[in-house]
Amino acid sequence: MDTVHRPTLERSEQERVRLDKLASMQDAGIQAYPPEFRPTATTAGLHDRYANLPAGEDTTDIVRLAGRIVSRRTSGKLCFMDLVDGTHGRIQIFADLGGLGEEAFRRLTEWVDLGDILGVEGHVRRTRRGELSVQPSSWTMLAKALRPLPEKWHGLTDVEVRYRARHLDLITNPEVREAFIKRSRAVSAIRRVLDAEGFLEVETPMLHAIPGGAAARPFLTHHQALDLELHLRISPELYLKRLVVGGLERVYEINRSFRNEGISTRHNPEFTMIEVYQAYADYSDMMTLTERLVAAAATEACGGTRIPCQQHPTGFLDLTPPWPRRTMQAQVDLFLREMGHDPDALDLDARLRILVAQGGTVPREVTPGSVLAALFDCFDSRLLDPVFITDFPVEVSPLAKRHRDDPSLTERFEVFILGRELANAFSELNDPLDQRGRFEAQAAAKASGDEEAHAVDEDYLGALEQGMPPTGGLGIGIDRLAMLLCDAASIRDVILFPLLRPRA
RNA sequence: GAGACAGUAGCUCAGUCGGUAGAGCAUCUGACUUUUAAUCAGAGGGUCCUGGGUUCGAGCCCCAGCUGUCUCACCA
């Protein structure tokens, strides 16, 4: 923890040494933080360009290279350093007395510490031991590091410090950097697919007077000038559908949403979703869209749709479309049969008893639909391979359109992978009177103590009354998708700065 | 919100039965012009998470607190 929180006046021995070196540079009239250095090469670029340079071979090619010094080996009149840059290659700096001259070499060994950002200019060569190197004729301190790096072999392992001081984590642990690059690639692949299909990326408010679009406890905040209680959004859904009413027939938002709930390996209070709305589409269109988006993300981030996975018994996770589609009823029947029950012989009371025996949450209002959903929740963690669970009961789906063949169900699905919900989608409810009725049922639940129930949103109802075309809507958890692609056990491994309690 | 586990040098970690605080890397000094976890010799570096308690004596035992991790609950 000292790495993170140390009063600036209390310096460790190593920090005092570095401050002394800084002072010594300043005494010599040399800037430790100069304004400019233009590299002409990158570490990865040099490895590409000189891949075939034989060991022991020298070139006359002069390059300017900049990056962080992560390792150093001095040997009398030689000094080997490893320099790392943003392309995340590693190039050896082969500094010698002959190449630098006496003063520059002495200053190098005197002033340069592990962790400093250095610029070097020199020629490219490959050493007899086969290490591609730059032999500098000059060097420039670009940023003196006043704190030491974590240990070179074990790196930084203390998870608390890794999250609080993510910069150290990124410098030290290459796999961490790789994970965030994968996440970024996945998101840009999703953008490319949607942009190519004519979707418009939009931004909607994060400050909501009425939090809607999901069942969740919101964060509260306050606007001074308007003297207004506001909530951080729990979902952008209702605003996005207003845009569809307004004629923006294909929209999406990659959004940060906020839910005032517990923190776990699968939950961060602020998290990233993508929501997509497409007019004149329904939930089966959203299923194929989900498959396209996830496949594109996996291909871009991992090079394919079959990816390594420690949590899967086979060691792999196959995301290749198409994925099976199964109604919630059929899935629950499967579970019940696995337990030795005959689903057709179970009445509501019997199902309720099984629910209680399984340790499930008994719904506030016991109906066939709510018990079905509660039973499903008992077992959903078993769904490892991608599967669409479809046709949710209307009671638990206040924003989804009723099923065309069964008004007690909705045209809704969720995608489960590794026992976790990855996506949630439906044919959007565009019947304003039905929607009003659903809101009122939610409001009644809220009045009887359900803190997460939906409130009646008159502005949204007004928009629906204007007429929303039949629309398919889809939400995908980006953090959870990133977890899959990165084979990460914790959501904190794919969120750069997960929420932690502040240190005093 | 509940339980289990953890916190010792800049980093990674030992620390026996309660009896002077340890190692490796890093740092400092010295040697070395082909090293790459470089090597060799020497040195410095500690609020043992915090606060109480027990004890002649606490890194170690007890209590409380702080922070984190995991599991559970709520949820995506």
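Remember, predicted model here, so these are calculated numbers, not experimental data. Reckoned from all heavy atoms, side chains included, excluding hydrogens, waters and symmetry mates. In what follows, chains are A, B, ... by sequence order, proteins preceding strands, each numbered from 1.
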*Asks:* Hey, does the side chain of A/Lys21 come within less than 4.0 Å of B/rC28's phosphate (OP1/OP2), counting only N and O?
*Replies:*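 Answer yes for this pair, as a side-chain N or O of A/Lys21 is under 4.0 Å from OP1 or OP2.
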*Asks:* When you measure from the side chain of A/Ser264, which nucleotide among B/rA73, B/rC25, B/rG68 comes out closest?
*Replies:*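 Nearest to the side chain of A/Ser264 among the choices is B/rA73.
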*Asks:* Roughly how far apart, to the nearest Å, are B/rC13 and B/rG7 at atom C1'?
*Replies:*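 Rounded to whole Å, the distance is 13 Å.
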*Asks:* Could you check whether A/Gly262 gets within reach of a base, just the sugar-phosphate, or nothing at all, counting any heavy atom under 4.0 Å?
*Replies:*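 The answer is base, as A/Gly262 lies within the cut-off (heavy atoms under 4.0 Å) of a base atom.
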*Asks:* Applying side-chain contact (heavy atoms from CB on, under 4.5 Å), can you list everything that pairs with A/Ala400, at least two apart in sequence or on another chain?
*Replies:*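 Applying side-chain contact (heavy atoms from CB on, under 4.5 Å) to A/Ala400 gives A/Ser397, A/Thr410, A/Arg412, A/Phe426.
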*Asks:* Remember a base hit wins even if backbone is also touched, and classify A/Arg126 as base, sugar-phosphate or nothing at under 4.0 Å, heavy atoms.
*Replies:*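 Here A/Arg126 touches no strand at all.
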*Asks:* To the nearest Å, give me how far apart CZ (A/Arg18) and P (B/rG10) are.
*Replies:*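 Atom CZ in A/Arg18 sits about 13 Å away from atom P in B/rG10.
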*Asks:* Using the side-chain heavy atoms of A/Arg501, tell me which of these nucleotides is nearest: B/rC25, B/rU12, B/rU67.
*Replies:*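 Comparing B/rC25, B/rU12, B/rU67 against the side chain of A/Arg501, the answer is B/rU67.
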*Asks:* Just checking A/Thr361: base, sugar-phosphate only, or nothing, at a heavy-atom cut-off of under 4.0 Å?
*Replies:*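 Answer is sugar-phosphate: A/Thr361 comes under 4.0 Å of backbone atoms only.
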*Asks:* Apply side-chain contact (heavy atoms from CB on, under 4.5 Å) to A/Leu409 and list each qualifying residue two or more places apart in sequence or on a separate chain.
*Replies:*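 A/Asp391, A/His403, A/Asp406.
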*Asks:* With a 3.5 angstrom cut-off on both distances, give the Watson-Crick or G-U wobble partner of B/rA41, or none if there isn't one.
*Replies:*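 Base partner found: B/rU29.
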*Asks:* Which of the following nucleotides, B/rU34, B/rU27, B/rA76, is nearest to the side chain of A/Arg72?
*Replies:*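 Side chain of A/Arg72 sits closest to B/rU27.
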*Asks:* Using a 4.0 Å heavy-atom cut-off, does A/Gln92 contact any base of the nucleic acid, only the sugar-phosphate backbone, or nothing at all?
*Replies:*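 It contacts base atoms.
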*Asks:* Write down the distance separating the P atoms in B/rG24 and B/rU50, rounded off to the nearest Å.
*Replies:*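 It comes out at 26 Å once rounded to the nearest Å.
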*Asks:* Report the base-pairing partner of B/rA4 (Watson-Crick or G-U wobble, both distances below 3.5 angstrom), or none.
*Replies:*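 With both distances under 3.5 Å, B/rA4 matches B/rU69.
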*Asks:* Please work out if A/Thr74 contacts a base, only the sugar-phosphate, or nothing of the nucleic acid, heavy-atom cut-off 4.0 Å.
*Replies:*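 It contacts base atoms.
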*Asks:* Stepwise, does the ring pair (Phe, Tyr, Trp, His ring centres under 6.0 Å) test hold for A/Tyr277 with A/Tyr252?
*Replies:* CA-CA 6 Å; A/Tyr277 292 87; A/Tyr252 71 97; over 10 Å; no
*Asks:* Can you find a side-chain donor-acceptor pair between A/Glu275 and A/Asn255 that sits under 3.5 Å?
*Replies:*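 Absent: no donor and acceptor within the cut-off.
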*Asks:* If we take the P atom in both B/rU67 and B/rC62, what is their distance in whole Å?
*Replies:*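 Each nucleotide's P atom is 22 Å from the other's.
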*Asks:* Using a 4.0 Å heavy-atom cut-off, does A/Ala215 contact any base of the nucleic acid, only the sugar-phosphate backbone, or nothing at all?
*Replies:*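 Sugar-phosphate contact only.
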*Asks:* For A/Thr157, answer base if it contacts any base atom (sugar-phosphate contacts may also be present), sugar-phosphate if it contacts only those atoms, and nothing otherwise; contact means non-hydrogen atoms under 4.0 Å.
*Replies:*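 It contacts sugar-phosphate atoms only.
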*Asks:* Students often get this wrong, so: under 4.0 angstrom with heavy atoms, is A/Asn268 touching a base, only sugar-phosphate, or nothing?
*Replies:*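 The answer is base, as A/Asn268 lies within the cut-off (heavy atoms under 4.0 Å) of a base atom.
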*Asks:* Please check the phosphate of B/rC32 (OP1 and OP2 only) for any side-chain N or O of A/Lys77 closer than 4.0 Å.
*Replies:*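 For B/rC32, neither OP1 nor OP2 has a side-chain N or O of A/Lys77 closer than 4.0 Å.
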*Asks:* Restricting to nitrogen or oxygen on both sides, can you table the protein-nucleotides 44-46 of chain B pairs closer than 3.5 Å?
*Replies:*
residue	atom	partner	partner atom	Å
B/rG44	N2	A/Glu13	OE1	2.1
B/rG44	N2	A/Glu13	OE2	3.1
B/rG44	N3	A/Glu13	OE1	3.4
B/rG44	N3	A/Glu13	OE2	2.9

*Asks:* Take atom CD1 of A/Ile274 and atom C1' of B/rA76, then tell me their distance rounded to the nearest Å.
*Replies:*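 Value for this atom pair: 15 Å.
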*Asks:* With a non-hydrogen cut-off below 4.0 angstrom, is A/Gly475 in contact with a base, only sugar-phosphate, or nothing?
*Replies:*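 It contacts nothing in the nucleic acid.
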*Asks:* Strictly by salt bridge (charged side-chain N to carboxylate O under 4.0 Å, His left out), give each pair with a member in residues 75-90 of chain A just once, sequence neighbours left out.
*Replies:*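 Every salt bridge (charged side-chain N to carboxylate O under 4.0 Å, His left out) pair that includes a residue of residues 75-90 of chain A, provided the two are not neighbours, is A/Arg73-A/Asp82, A/Asp82-A/Arg90.
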*Asks:* Does A/Arg217 CZ have over 12 foreign heavy atoms under 6.0 Å away?
*Replies:*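 Open: at most 12 neighbouring heavy atoms sit under 6.0 Å from CZ of A/Arg217.
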*Asks:* On a whole-Å scale, what distance lies between the P atoms belonging to B/rU8 and B/rG15?
*Replies:*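 Per the computed distance, 14 Å lies between those P atoms.
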*Asks:* Report the base-pairing partner of B/rA58 (Watson-Crick or G-U wobble, both distances below 3.5 angstrom), or none.
*Replies:*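 With both distances under 3.5 Å required, B/rA58 matches none.
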*Asks:* Categorize A/Phe94 for me: base, sugar-phosphate, or nothing, with a 4.0 angstrom heavy-atom threshold over every strand shown.
*Replies:*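 Result for A/Phe94 = base.
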*Asks:* So, is A/Thr265 near the phosphate of B/rU71, with a side-chain N or O under 4.0 Å from OP1 or OP2?
*Replies:*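 True: A/Thr265 side-chain N/O within range (under 4.0 Å) of B/rU71 OP1/OP2.
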*Asks:* For the base of B/rA38 and the side-chain ring of A/Phe80, does the geometry meet a stacking cutoff of under 5.5 Å between centres and under 30° between planes?
*Replies:*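 It does not: the ring fails the test against the base of B/rA38.
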*Asks:* Would you classify A/Leu500 as touching base, sugar-phosphate or nothing, given that sugar-phosphate means primed atoms plus P, OP1 and OP2, and contacts are heavy atoms under 4.0 Å?
*Replies:*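 If one applies the 4.0 Å heavy-atom cut-off, A/Leu500 turns out to touch the sugar-phosphate alone, with no base involved.
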*Asks:* When rounded to the nearest Å, what value does the distance between C1' atoms of B/rA9 and B/rA23 take?
*Replies:*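 Per the computed distance, 11 Å lies between those C1' atoms.
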*Asks:* Of all the nucleotides listed (B/rU33, B/rA37, B/rU67), which has the minimum atom distance to the side chain of A/Glu160?
*Replies:*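 From the listed options, B/rU67 comes nearest.
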*Asks:* Kindly determine whether A/Lys241 and A/Tyr460 satisfy side chain to side chain donor-acceptor pair (under 3.5 Å), including the steps that lead there.
*Replies:* CA-CA 9 Å; A/Lys241 284 192 278 196; A/Tyr460 176 64; 3.3 Å; yes
*Asks:* Side chains of residues 358-366 of chain A: which donor-acceptor partners sit under 3.5 Å, not counting sequence neighbours?
*Replies:*
residue	atom	partner	partner atom	Å
A/Arg364	NH1	A/Ser448	O	3.4

*Asks:* Measure from the side-chain heavy atoms of A/Pro150 and tell me the nearest of B/rA76, B/rG10, B/rC11.
*Replies:*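 My answer, after comparing the listed nucleotides, is B/rC11.
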*Asks:* If we take the P atom in both B/rG22 and B/rC48, what is their distance in whole Å?
*Replies:*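 Result for the P pair: 14 Å, nearest Å.
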*Asks:* Rounded to whole Å, how long is the line connecting atom CD of A/Glu110 with atom P of B/rU27?
*Replies:*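 Checked: the CD to P distance equals 15 Å.
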*Asks:* Phosphate oxygens OP1/OP2 of B/rC74: is one of them under 4.0 Å from a side-chain N or O of A/Arg266?
*Replies:*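 So the side-chain polar atoms of A/Arg266 never come under 4.0 Å of the phosphate oxygens OP1 or OP2 of B/rC74.
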*Asks:* Whole angstrom is fine here: how far is it from CG in A/Leu146 over to P in B/rA26?
*Replies:*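 From A/Leu146 CG to B/rA26 P: 20 Å.
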*Asks:* Nearest of B/rA26, B/rU33, B/rA76 to any side-chain atom of A/Leu114?
*Replies:*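 For A/Leu114, the side-chain atoms sit closest to B/rA26.
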*Asks:* Using the C1' atom as the point on both nucleotides, what is the distance between B/rA64 and B/rA37, in whole Å?
*Replies:*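 It comes out at 44 Å once rounded to the nearest Å.
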*Asks:* Just the rounded figure in Å: distance from C1' of B/rC11 to CG of A/Asn173.
*Replies:*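 Distance check: A/Asn173 CG to B/rC11 C1' gives 12 Å.
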*Asks:* Going by ring-ring contact (aromatic ring centres under 6.0 Å, His included), name the residues that satisfy it together with A/Phe335, two or more places apart in sequence or in a different chain.
*Replies:*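 For A/Phe335, the residues satisfying ring-ring contact (aromatic ring centres under 6.0 Å, His included) (neighbours in sequence not counted) are A/Phe379.
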*Asks:* Using 30° and 60° as the class limits, which term best fits the ring planes of A/Phe376 and A/Phe416: parallel, tilted or perpendicular?
*Replies:*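 Ring orientation, 0 to 90° scale: perpendicular.
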*Asks:* For residues A/Glu253 and A/Thr204, is any side-chain donor paired with an opposing acceptor at under 3.5 Å?
*Replies:*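 A/Glu253 vs A/Thr204: donor-acceptor pair found between side chains.
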*Asks:* State whether A/Arg73 places a side-chain N or O below 4.0 Å from either non-bridging phosphate oxygen (OP1 or OP2) of B/rA38.
*Replies:*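 Looking at the OP1 and OP2 atoms of B/rA38, one of them is under 4.0 Å from a side-chain N or O of A/Arg73.
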*Asks:* In whole angstrom, what separates A/Arg147's CZ from B/rA9's C1'?
*Replies:*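 These atoms are roughly 16 Å apart.
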*Asks:* Considering every strand shown, what is the Watson-Crick or G-U wobble mate of B/rA64 when both distances are under 3.5 Å?
*Replies:*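 With both distances under 3.5 Å, B/rA64 matches B/rU50.
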*Asks:* Whom does B/rU20 pair with, Watson-Crick or G-U wobble, provided both distances fall under 3.5 Å?
*Replies:*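 Looking at the geometry, B/rU20 pairs with no nucleotide.
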*Asks:* What distance, rounded to whole Å, do you find between the two P atoms, one in B/rU36 and one in B/rA26?
*Replies:*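 B/rU36 and B/rA26 have their P atoms separated by 13 Å.
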*Asks:* Looking at B/rA76, B/rU36, B/rA38, which one has an atom nearest to any side-chain atom of A/Arg259?
*Replies:*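 The nucleotide sitting nearest to the side chain is B/rA76.
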*Asks:* A/Asp96 has an atom CG; how far is it from atom P of B/rC32, in whole Å?
*Replies:*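 It works out to 16 Å between those atoms.
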